[in-house]
Structure formats: structure tokens, C-alpha cells
Undergrad: 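Take this structure first; my questions come after.
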Amino acid sequence: MSCALQLVILRSNVCHVNSLLSLARQTLHRRALSSFPKLSRSLKESYRLLQLPEEGSSTPAEVKEAYLRMAKLYHPDSGAATADSALFARVEEAYRAVLAHHSQSRNRRAAAEVEEEDNLKGVAPQHRHYLSYEGLGAGTLSQRERQYRQFRVDRAVEQVLDYRQREFERAAASEGAMVERDMRQRSRKIKITQAVERLVEDLIQESMARGDFQNLSGAGKPLNKFEHNPYSDPMTHNLNRILIDNGYQPPWIITQREIRETTELLRTKLLKGRTRLGEPMTPRESSQWKQLCNSVGGELVKLNKMVDNFNLIVPMLSSQMVHFSLEREIKRAEKRAHKHRHEIEKERQIEIEKSKEENLRLNASQRKSLLSWIQNLLLRGSK
């Protein structure tokens, strides 16, 4: 019984609070409406000039649209028959006055809502006093909640940006330390190189003082120049000759030779493999040929990477190479296999004929030796 009585009392309190809230809203709304000043005569004239309702119910977009419509009619540069600079100046002043009135009305409404919210705090339920939202936002509770959520999102974004900025600064500081360390290492290497150069120069001077360079072949004679290219720098030619004589080769020359040798090996491998197989091929021979082509294809991938590296370092554009194609190499091997097979058959026949001639020569020599032995034997018997 006591519980039911408490429920009834609680419900009556809630109804009383709701009635107080509704009365407070109504009084504040009337006060806000009464506090708004009436439109002045000049403002009414501005609304009339822009062809807008005087109640102020138009939105900023509608005001802007009306201003653009009037500007097209009265702007001096519009080219219309109704162009009038004085009337356009009045339209522009009216547009600014209407915009100012809209902004003032919006500020008054916001102030009225804030005042309403402040007045409602005294009659609001107790739990609403805790919805402070850190003192941020304006408007109703739902509007303040949305504004507070947006504030938290913006604050989180700012914190993330600050964290990233600190990380970038830390990375830049570490990178600067690495650059400074690299500079120290580079300066140290330069110092070491200079010290080695001074040491070598001192050794050369000591050897010259001892006379170690006096008994050299060709001492005091000019260096032989390249005669096949007289238009190039003689010093460059002499340096090239010295490098060649000492076995030096540029990296692109070495890479070119490796590409040439690898290509020759792969083509020989394909040609020999196709020559061993019959014409036409059996299913077993076809599978063997496919396996051989797949293995050569893997090696061609490596060869093409070598070609890319060669094209990057070769000094002449005309010396660059194109990629090797497996299909092109297979067609080349199949085309040359028939001719190679005939050449092998000819060589085999020549070897067979040579072996026959050697056998005949051997048989003839054996007959001669046998006849001579028989003759000697008969001569011995007759004696």
C-alpha cells in the first residue's frame, strides 16, 4: 500500500514539474516576441525594394537570390534595358540592410534561447543539472549534445595532429643527427684520402730522389697517341690506352659481354634440345620440350634484368638492348633445328666414311704384312 502511495505522489510531482516547464516556455516565448523591435520604415522599404515579405520569414538564400535577380536588372554592366546605376546602389544598400537585420534577428533568437535555458534550470529535474557539457554549446539539450560531440571530435583531431607533429619533429631531429653523423664520416674519409694522397706523393718524391725512375723503358719519350681518332683529346686517348693495357674494362663492357655469353648459351641449349627431339615430336618429347622451354624462360627473366641494368649504365643510346622474348627464341631454335640436324647427319656420314677408309687402309696394311710374312716363311722353308 505504501509503495502505491509513493508512486502516485511521484507521478503527481512529475506532472507538476511538466506543467511548470510548459508555463515557463510560454512566458519566455511571449517575452522574446515582445522584445523584438518592429521593422522601421527604411527596413520596410529595403524589403519592398528586394521584393521580399516584410515579416522577415525569408531565408538568407532567398535574400541572396532576390539580390542577384535585381542586380541582373539594374546593374550598369548587365546590358539590360532597365540598367540604372542609382537604382542599383539603392538595391545594394537594401541588400546589406536586410542581411544585417537577419543577423540581428538570429542573435536575438540565440540570446532568447540561452535565457530560456537559464530560466529553465531552476525548474528542471535534478538530473539535468549534471548535463553541463563542460560549459560548451548553446540551444536545447539535444543541440548542446551535438555541439559537445563535435567539440570532442575536433579536440581528438587536434590531439592527433599534435601527436603527429611531435613525431615528425622527433623524426626530423633524429634525421638531422644522422645527417650530421654522415657528414662527420664523410669529412673523416676525406681527411684519410688526403692523408693517403700526401703519403703517396711523398713516396714518389723519395723514389725520384733515389733515382728509381731513371732506368724505366721509354723514359723521356712522348707517349704513343691513338692514330685512328685524331679529333679526340690526346690526354683522354692516352688515359684510355693506359687503362686498357692494365686490363681495366668499364662496367657496361663487362655486362655486355656477360649478356652476349649468356644469350649464346641459352640459344645453344634450345638448339641442341630441339635437335635431339624428332620431327614430328611424340607426346613424351613434347613434354620434354615444354620443360626445357620453361627452364629457359626463367633464365631469360634474369637475362632481361641484366639488360635493364646494362641500359642504365651504357653511355651511348644506340648501344642499348631490347628484352629477349621466349617465343622469338623458340621460333629461332625450331627454324635452325632442321638445318642443324642435316649438318649433324652430314658430319656423321663423313665420320662413317672416314672410319671405313681407315678400316680399308688397316685391312690393306694387314694383308701386306701377312703376305710378307708368308713369303718370308716360304723362303726360309726352301732354304
Undergrad: Does the side-chain contact (heavy atoms from CB on, under 4.5 Å) test come out yes or no for Leu161 and Gln165, once each step is laid out?
TA: CA-CA 6 Å; Leu161 292 177; Gln165 185 177 0; over 6 Å; no
Undergrad: For the residue pair Ile204 and Ser207, establish whether any side-chain heavy-atom pair is separated by less than 4.5 Å.
TA: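 The answer is no, as the side chains (C-beta and beyond) never meet within the 4.5 Å cut-off.
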Undergrad: Considering only heavy atoms from C-beta outward, does the side chain of Lys305 approach that of Lys302 to under 4.5 Å?
TA: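 No; the side chains remain at least 4.5 Å from each other.
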Undergrad: Counting C-beta onward and ignoring hydrogens, is there a side-chain heavy-atom pair between Met321 and Ile259 closer than 4.5 Å?
TA: yes
Undergrad: Does Asp308 form a side-chain contact (heavy atoms from CB on, under 4.5 Å) with His323? I'd like the steps, not just the answer.
TA: CA-CA 8 Å; Asp308 292 336; His323 281 188; 2.6 Å; yes
Undergrad: To the nearest 0.5 Å, what is the distance between CG (Asn359) and CD (Glu357)?
TA: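 Asn359 atom CG to Glu357 atom CD measures 10.0 Å (nearest 0.5 Å).
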Undergrad: Does a salt bridge link Lys331 with Glu327, judged by any charged N lying under 4.0 Å from a carboxylate O?
TA: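 Looking at Glu327 together with Lys331, the answer is no, because their closest N to O distance does not fall below 4.0 Å.
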Undergrad: Are any non-hydrogen side-chain atoms of Leu370 and Arg367 less than 4.5 angstrom apart?
TA: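 Of all side-chain heavy-atom pairs linking Arg367 with Leu370, none is under 4.5 Å.
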Undergrad: Does the distance from a Lys or Arg side-chain N to an Asp or Glu carboxylate O, for Glu167 and Arg170, drop under 4.0 Å?
TA: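 Counted as a salt bridge, because a side-chain N and a carboxylate O are separated by less than 4.0 Å.
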Undergrad: Let's go through Gln349 and Glu353 carefully: what are the C-alpha distance in whole Å and the side-chain angles of both, what is the deciding distance for side-chain hydrogen bond (donor to acceptor under 3.5 Å, both in side chains) to 0.1 Å, and is it a yes or a no?
TA: CA-CA 6 Å; Gln349 290 178 1; Glu353 290 178 357; over 6 Å; no
Undergrad: May I ask you to decide if the ring planes of Tyr47 and His101 are parallel, tilted or perpendicular, using 30° and 60° as cut-offs?
TA: perpendicular
Undergrad: Could you check whether atom CZ of Arg155 has more than 12 heavy atoms from other residues, nucleotides or ligands sitting under 6.0 Å from it?
TA: yes
Undergrad: Would you check, one step at a time, whether the test side-chain contact (heavy atoms from CB on, under 4.5 Å) holds for Met316 with Trp252?
TA: CA-CA 10 Å; Met316 295 169 290; Trp252 66 274; 3.8 Å; yes
Undergrad: Between Thr82 and Leu73 (side chain of the first, backbone of the second, donor and acceptor by atom type, cut-off under 3.5 Å), is there such a pair?
TA: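 Such a contact is found between Thr82 side chain and Leu73 backbone.
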Undergrad: Verify the cluster assignment for Leu292 and Leu300: are they in a single hydrophobic cluster under the rule of side-chain heavy atoms below 4.5 Å apart?
TA: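 As far as the 4.5 Å side-chain criterion goes, Leu300 and Leu292 are connected within one cluster.
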Undergrad: Please report the shortest heavy-atom distance between Ala83 and Pro76, naming the atom on each side.
TA: CB-CA, 4.3 Å
Undergrad: Would a distance-only check, ignoring hydrogens and angles, find a side-chain to backbone donor-acceptor pair under 3.5 Å from Ser355 to Ile352?
TA: yes
Undergrad: Would you indicate whether Arg152, at its atom CZ, is surrounded by more than 12 heavy atoms from other residues, nucleotides or ligands within a distance under 6.0 Å?
TA: no
Undergrad: What are the two closest heavy atoms between Ala333 and Leu270, and how far apart are they?
TA: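 Looking at all heavy atoms of both residues, the shortest contact is CB-CB, 3.9 Å.
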Undergrad: So that I can tick it off, tell me whether Glu92 and Arg96 are bridged by a salt bridge, with the cut-off set at under 4.0 angstrom between side-chain N and carboxylate O.
TA: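 Salt bridge flag = yes for Glu92 with Arg96.
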Undergrad: Is Met208 reachable from Val200 through a run of hydrophobic residues whose side-chain heavy atoms are each under 4.5 Å from the next?
TA: yes
Undergrad: Roughly how far, to the nearest 0.5 Å, is CZ of Arg332 from CD1 of Ile330?
TA: 13.5 Å
Undergrad: Measuring from Ser286:OG to Gln291:CD, what's the distance to the nearest 0.5 Å?
TA: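 Here the rounded value is 11.5 Å.
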Undergrad: Could you name each residue pair satisfying salt bridge (Lys or Arg N to Asp or Glu O under 4.0 Å) that touches residues 309-322, not counting sequence neighbours?
TA: none
Undergrad: For the atom pair CZ (Arg146) and CD (Gln143), what is the distance rounded to the nearest 0.5 Å?
TA: 5.5 Å
Undergrad: Mind listing the closest non-hydrogen atom pair of Ser295 and Lys269 along with its distance?
TA: OG-NZ, 4.0 Å
Undergrad: Linking I/L/V/M/F/W/Y whenever any side-chain heavy atoms sit under 4.5 Å apart, do Val301 and Leu303 land together?
TA: no
Undergrad: Heavy-atom count around Arg210 CZ within 6.0 Å, excluding the residue itself: above 12?
TA: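 Yes - once you tally the heavy atoms of other residues, nucleotides and ligands closer than 6.0 Å, there are more than 12.
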Undergrad: When rounded to the nearest 0.5 angstrom, what distance separates CZ in Phe310 from CG in Asn304?
TA: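 The CG atom of Asn304 is 13.5 Å from CZ of Phe310, to the nearest 0.5 Å.
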Undergrad: Using 30° and 60° as the class boundaries, would you call the ring planes of Tyr95 and Tyr67 parallel, tilted or perpendicular?
TA: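 Aromatic pair Tyr95/Tyr67 classed parallel.
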Undergrad: Would you please name every residue forming a side chain to side chain donor-acceptor pair (under 3.5 Å) with Asn376, sequence neighbours left out?
TA: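 Asn376 satisfies side chain to side chain donor-acceptor pair (under 3.5 Å) with no other residue.
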Undergrad: With a sphere of 6.0 Å drawn around CD of Gln320, does it hold more than 12 non-hydrogen atoms of other residues, nucleotides or ligands?
TA: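 Buried by this count: over 12 neighbours within 6.0 Å.
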Undergrad: I would like to know whether Arg257 and Gln249 meet side-chain hydrogen bond (donor to acceptor under 3.5 Å, both in side chains); could you show each step before the answer?
TA: CA-CA 11 Å; Arg257 184 175 66 247; Gln249 292 181 349; 2.8 Å; yes
Undergrad: State yes or no: do Leu68 and Val98 share one hydrophobic cluster built from I, L, V, M, F, W and Y residues joined by side-chain heavy-atom distances below 4.5 Å, directly or via other members?
TA: yes
Undergrad: If you define the side chain from C-beta out and look only at heavy atoms, does anything of Leu266 sit under 4.5 Å from Thr262?
TA: yes
Undergrad: If you round to the nearest 0.5 Å, how far is CG of Leu271 from CD of Glu329?
TA: 11.0 Å
Undergrad: Answer yes or no: is there a side-chain heavy-atom contact under 4.5 Å between Gln288 and Met281?
TA: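 No - every pair of side-chain heavy atoms lies 4.5 Å or more apart.
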Undergrad: Is it true that Ile313 and Met306 fall in one hydrophobic cluster, defined by side-chain heavy atoms closer than 4.5 Å?
TA: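 Linked, Ile313 and Met306 end up in one cluster.
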Undergrad: With the side chain counted from C-beta on, respond yes when Arg267 and Phe324 share a heavy-atom pair under 4.5 Å apart, and no when they do not.
TA: yes
Undergrad: With the side chain counted from C-beta on, respond yes when Glu334 and Trp289 share a heavy-atom pair under 4.5 Å apart, and no when they do not.
TA: yes
Undergrad: For Ser287 and Arg284, indicate whether the former's side chain and the latter's backbone hold a donor-acceptor pair under 3.5 Å.
TA: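 Judged by distance alone, yes, a pair lies under 3.5 Å.
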Undergrad: Evaluate the side-chain contact (heavy atoms from CB on, under 4.5 Å) criterion for residues Val91 and His75: first the C-alpha distance (whole Å), next the side-chain angles of each, then the deciding distance (0.1 Å), finally the verdict.
TA: CA-CA 10 Å; Val91 168; His75 197 278; over 6 Å; no
